[in-house]
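Treat the numbers as computed from the prediction; the structure is a model and nothing was measured.
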Amino acid sequence: MNKWEELDKKYIWHPFTQMKGWLENPQLVIERGDGVKLYDTEGREYLDFAAGIAVNALGYGNEAYKAALKDQVDKLLHISNLYYQVPMGDAAARLTKA
């Protein structure tokens, strides 16, 4: 835990001051995810119910999702929302229907 805490304190900017106390004394270090579960460096399992800010909570380890991401990275990783993009509209429609 100390290694991760030291790296975090040295290199990560935490703009969310309401979390400041928790971030100074984190209770876990997330290592990986599988489906809707997260696992810490001690092997403990957690249900990922929080996701993040401006992200989609689609789970972890789904092979079709990973393949689609790898394919998209070869085409276009990220551009501003100021422009129309392929496949943003299609993805938004499909997520909304789901």
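Taking CZ of Arg44 as the start and CG of Leu38 as the end, the distance is 13.0 Å to the nearest 0.5 Å. Between the OG1 atom of Thr41 and the CZ atom of Arg32 there is a distance of 11.5 Å, given to the nearest 0.5 Å. Here Leu95 contributes atom CG and Asp90 contributes atom CG; the two are 9.5 Å apart, rounded to the nearest 0.5 Å.
Every residue meeting the side-chain contact (heavy atoms from CB on, under 4.5 Å) condition with Lys37, not counting sequence neighbours, appears here in chain and number order: Tyr39, Glu45. For Asp71, the salt bridge (charged side-chain N to carboxylate O under 4.0 Å, His left out) partners two or more places apart in sequence, or in a different chain, are Lys75. Evaluation of the salt bridge (charged side-chain N to carboxylate O under 4.0 Å, His left out) rule for Lys70 yields no partner, not counting sequence neighbours. For Asp34, the salt bridge (charged side-chain N to carboxylate O under 4.0 Å, His left out) test picks out no residue, with sequence neighbours left out. The side-chain contact (heavy atoms from CB on, under 4.5 Å) test applied to Leu47 returns Val36, not counting sequence neighbours. Checked against side chain to side chain donor-acceptor pair (under 3.5 Å), Arg94 has no partners two or more places apart in sequence or in another chain.
Between Lys66 and Glu63 a salt bridge is recorded (basic side-chain N to carboxylate O distance below 4.0 Å).
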